[in-house]
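Just so it is clear: chains get the letters A, B, ... in the order the sequence lines come, proteins before strands, and each one is counted from 1. Computed from a predicted structure; not experimentally measured.
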Amino acid sequence: MEPDNPTYSDAAESMPDVLHDQGEAGIGVDLSLDELVFDGDTILSDLNLELEPGKITCLLGPSGVGKSSILKILAGFIPLPGNSRVTTSDGKSLEGRLSYMDQKDLLLPWASVFDNLLIGNRLRGEIPDRVRADRLIKQVGLEKWRDSRPDTLSGGMRQRVALARTLMEGSSILLMDEPFSALDAITKFRLQGLAARLLTEKTVLLITHDPMEALRLGDVIYVLAGHPARLSEAIRPEKDIPRDPADDAFSQHYSAIMTRLAGETEDAS
Amino acid sequence: MEPDNPTYSDAAESMPDVLHDQGEAGIGVDLSLDELVFDGDTILSDLNLELEPGKITCLLGPSGVGKSSILKILAGFIPLPGNSRVTTSDGKSLEGRLSYMDQKDLLLPWASVFDNLLIGNRLRGEIPDRVRADRLIKQVGLEKWRDSRPDTLSGGMRQRVALARTLMEGSSILLMDEPFSALDAITKFRLQGLAARLLTEKTVLLITHDPMEALRLGDVIYVLAGHPARLSEAIRPEKDIPRDPADDAFSQHYSAIMTRLAGETEDAS
Amino acid sequence: MRLLRAGITLAGFLLIWGLITAILGLPKFLLPSPLIVAEALLTHASLIADNAMTTAIEILVGLILGVLFGMVSALLISAYRPVKQWVFPLLIASQAIPVFAIAPLLVLWLGYGMAPKIVMSLLIIYFPVTVGFLDGLNRTEPVWLNLAGLLQQSGRTGRFRKLVNLYLYIKIPFALPSLASGIRVAAAIAPIGAVVGEWVGASSGLGYLMLHANARVQTDLMFASLLVLTAMALLIYYLIDALLLRALPWLSTHNNNTTQ
Amino acid sequence: MRLLRAGITLAGFLLIWGLITAILGLPKFLLPSPLIVAEALLTHASLIADNAMTTAIEILVGLILGVLFGMVSALLISAYRPVKQWVFPLLIASQAIPVFAIAPLLVLWLGYGMAPKIVMSLLIIYFPVTVGFLDGLNRTEPVWLNLAGLLQQSGRTGRFRKLVNLYLYIKIPFALPSLASGIRVAAAIAPIGAVVGEWVGASSGLGYLMLHANARVQTDLMFASLLVLTAMALLIYYLIDALLLRALPWLSTHNNNTTQ
Amino acid sequence: AEKLTVLLDWFVNPDHATLIIADEKGIFEKHGLDVEMIAPADPSAPPKLVAAGKADLAISYQPQLHLQVEEGLPVKRIATLVATPLNSLVVLRDGPVKTLADLKGKKIGYSVGGFETALLTAMLSPHNISADDVTLINVNFSLSPSLLSGQVDAVIGAFRNFELNQMDIEGYPGRAFYPEEEGVPAYDELIVIAHSDKLDDPRLKPFVDALEEAVQFLVNHPDESWKLFIKNHKELDDELNRRAWADTLPRFALRPAALDVGRYERFAAFMQAQGLIKETKSADSYAAVVN
Ligand SMILES: Nc1ncnc2c1ncn2[C@@H]1O[C@H](COP(=O)(O)OP(=O)(O)OP(=O)(O)O)[C@@H](O)[C@H]1O
Ligand SMILES: Nc1ncnc2c1ncn2[C@@H]1O[C@H](COP(=O)(O)OP(=O)(O)OP(=O)(O)O)[C@@H](O)[C@H]1O
Ligand SMILES: [Mg+2]
Ligand SMILES: [Mg+2]
């Protein structure tokens, strides 16, 4: 791999937190979905989701309602159903400006943590950005496991690798499917902070089951519920992220989220 | 698979909630671990964990600290290290009295939800308890997906299948690794309630990252932290489970958990 | 569609073959032109058909037995370490034995009927099945074995019954893709297995006919038989391929473009 | 330990063989006793060694080329649908061709040197490699392809370079276990590949020696050569097996008892 | 009728005319025999199977018989089918090789190891060519193709009644050098062998008698015989086999039972001189006359 470089950690420390990413300002994305049908069952119908440029949009909803499916449609993994459209604020295609973090960690089983971070560079035939990779590994707290294979990591550690890999890309638009679900409260808190810092100016769609997480990170929060599922009205908490969700100011948002989740869950499952 | 049985759902409805499980009263389990070393790194050392008979013990701790490893040692997946012992309150071996739910869902990819529940019966060469399976599928809210293959389910739905499979066994001792981590708040709440009902009299070790979950379900709560990791003193919230964690009475427990997690996380990662 | 494509491939192949014979001016007994072979095919149609029948039966019996034996061998080898350690080397060794070296022995023990042919084609067909399936069985991920072991602990049935169930419900399903891969190789080499079997001594079959035609320099008849054998090989391969795809539906996900 | 066990297997095998010849009273010209074969092995030691050398070289070259060609074929077939649709049937058809049918053609085009032997053993060896690897490549899970496709979208390199990288970093690593399985089968049949190659025409090699001994009714020499060939087969198989296990460390997890 | 199993040396061809006529014309049946003929794919297997008692009779070759007896196979010749050598060394008629002396430094193909190479050495030694002066290649299945494609300059083991005709038909006429004219003692090409301990088998005499009757019909009625020959072997009805049939006719042993003792002892001595066998035996160790 990399030769032992004694100055590496200092070098990393002295670097700015946000490394050179794609220089674009935030891009707005608008998904207008006619209907999504799986095996004859209509999961989503008549749905319009707007991702505001440079903002973090959080998506909550009962299990199996179709959150991940929306992400996969945006990422192009599920072909865009007929009569549906994805448009961007700058009119250009999404292609090449997206990063995606799956609900499963999807780490390459034969590659070390380090090499898992470099896979994007390698696939694109670029010179691997080892410094950035090492910095991100350090930021998610895994420098001791830099050369470990994923099968020797704990579930939460694997999730952190997947998170680091997604941040590694530096894309302008990020789709993240429950990125912190396997982490303990403290680690989660630290990584939410890290994400908030690294994701300024990025357009992010983040799926979560944790209303606290949505309140901490979300500029805009939607709840998806019902069958077929519909989006709630947007909840837009005041203040800049990352917020302190324990703040009393947010308790009414919290209960709004819970009501919407609860009100519809009964139908969905 | 099963012939269409028009009376099935009524039959299931009219049955008592807890079906005939192993009749034993709760069994206490005591793990005394000398040390666990992976690749030269000491993960756990000098640890003594007591599972009280018929109680739910919750284990929290920072990511990668060794929680899952403890579960695997108890389940016998990691061979018991030298100088370590597992003892039970009735002196008999744990063998045949354990159920285990992995952090990953581990569903058989070729089998339907229903068949995934029956795999235990089938592996033991017993007559499959279809009624119980159908009842559990209904309880975790998946009756519509009874005959679907896991690859057509969402992450949370897969976790619910794995949970149902674990409950299906009716063992006296249950080891559960983050059983609700991929569920939304409401579904989680309902299933915690279901678990609390089905797990009365059982000895349970439950790993979670959610202090609320621990406070709702845990008779005894431990925090594992440090490197090598040590157990905190037991936290024993008053009242019977399932509790309402929003209850002000628990706020001091909540902050106790968070302090212990936070205090040690810095060292661990 | 598939048939059309097969037809075009065939036509192209015949064309190239015809061109080679025409341009290189190869004598008929080295490589007869497609026309001559077609003529031989027609002239000897019933002869070839009769012999093809024999070979078809041998291939089928060889394949069925080969796959069965291969599966049983793989199961025994994977379930019982001693079998692997002591018997598997013999299986590998058996692959290196040329037919003429043991043909007299086979005839001595099994006579001149179907039996020695089947044994020979078995030896050839069953090996890829065994190795493929065995590899699959050995690759069951340890998490699954752990989980299954735990689930079985509380069972009241005997050790053997549990082992059988472990294979039935866990190991075999996981190994099916590898088995399918092995069966695919076996299907492709089954025709040559049958032909080699006929070398032990035969009085009918395409292999017999080819050797015979070869010995008497009837190259046109030989190539006509070869053509029929090849057609049978392709038919069998694609038939088995289609069967396998049907039998393992959860593996064909990669054919449509939706996700996990 | 492994060697010891191999030794014991060998001894047991020789014992059974000896018993068969002794009890059934098989005459030397059908199945010579191990003692007679051992004697022949000693008497003709240098002759056998010389010819074994030739065959060993053929096996090695055949294996290396077979594995290479097989891998390249599988890659081409999997990367370019047309290749699969048009060329793959020819590959399958090639498996059904008996050596004597095309020996004259091979000789015509390639002469009597190493080339026709290598081509013959290639034909035999490379097929399991191709099918195994191809199956593995085709089975890459769609999630990975989706993810890789997304990661590549922002790349500025050409389509071809991206395809190469996709294979290099995703598809090939995932297919390695299947490739290993194919190589294992290939390793086991490589010796017979070389022997069949020698049938096309040869002036040295164990296959040549066996044919020669067979024609001269020197059954002892034939079995001595066969023994050496078999030993080579086993050696090659286990050598390659060991190499494969080393090359794919993340697959050998099932050997120790720790978990995922 | 008594069942009798005969293993042929190779697939049915005009060399087997005597046997086929005896069968098709019902001569075997007349002698109370029900003969089953089986063709092997490997000519060296039948003698072993007779020696092992798995078949009653086998068709083999005299040179091979000497090797078999040397190796301890309990077999003896009981009848002769073709009484002259058929084997020959063949080159292209229009090729550079005009005499055997021209073969120095050339490549020579053969198909059966052992005897044929010895034959060649014996034929070449009068021309001061030793085995080291030529390259020997076992071409196994493809004698004439290897010659025609120019991969070898000569082949030994080509049958004069067969390969020569074939090359002629294809327009590449060949030239044959006959071993018996180049210093090799004449021998019986095709013989019938039986287990040496079972020579008193009562079925053998009627079998040999039937052969004699058949060969007489064969030479008396060649055209009728041809028709009988192809009656159940339609695939043999072509130009090549017709010409081979005509060329083989004069070579059949007219007295199948008769044993030329001198011929066997002479040939044994030749084999010994060529180093193919260690010791010569008396003719009755190789052949017998059944009666
Ligand atoms: N098979 C293994 N080989 C080597 N190291 C391992 C192995 N399994 C676990 N470890 C190491 O042991 C430590 C504890 O892992 P474990 O899975 O028990 O953590 P955990 O507490 O469950 O974490 P999480 O909350 O992230 O699931 C980690 O540092 C991990 O890297
Ligand atoms: N490939 C597929 N084939 C058929 N049905 C599918 C497929 N993928 C998803 N579904 C169905 O679509 C619905 C929504 O799935 P999705 O994964 O989007 O849910 P989700 O909102 O992400 O849930 P979770 O919170 O549990 O992850 C589910 O009912 C699921 O069964
Ligand atoms: Mg999801
Ligand atoms: Mg864990």
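Here the CH2-CG distance, from B/Trp145 to A/Asp41, works out to 6.5 Å after rounding to the nearest 0.5 Å. The distance from atom CD of A/Gln159 to atom CD of B/Gln103, rounded to the nearest 0.5 Å, is 9.5 Å.
Residue B/Ser68: no heavy atom, backbone or side chain, is found under 4.5 Å from chain A. If you measure heavy-atom distances from B/Leu183 to chain A, the contacts under 4.5 Å come from both the backbone and the side chain.
Taking chain A as the reference chain and counting heavy-atom pairs below 4.5 Å, the highest number among B/Ala182, B/Ser148, B/Pro211, B/Ser181 is found for B/Ala182.
Scored by the side-chain hydrogen bond (donor to acceptor under 3.5 Å, both in side chains) test, B/Lys188 finds B/Asp210 as partners (sequence neighbours excluded).
Of all heavy-atom pairs between A/Asp184 and B/Gly61, the closest is CB-O, 3.5 Å. Nearest heavy-atom pair, A/Ser63 versus B/Thr187, reported as atom, atom and distance to 0.1 Å: N-OG1, 4.2 Å.
Contacts classified as salt bridge (charged side-chain N to carboxylate O under 4.0 Å, His left out) and involving residues 212-235 of chain A (residues at least two apart or in different chains) are not found.
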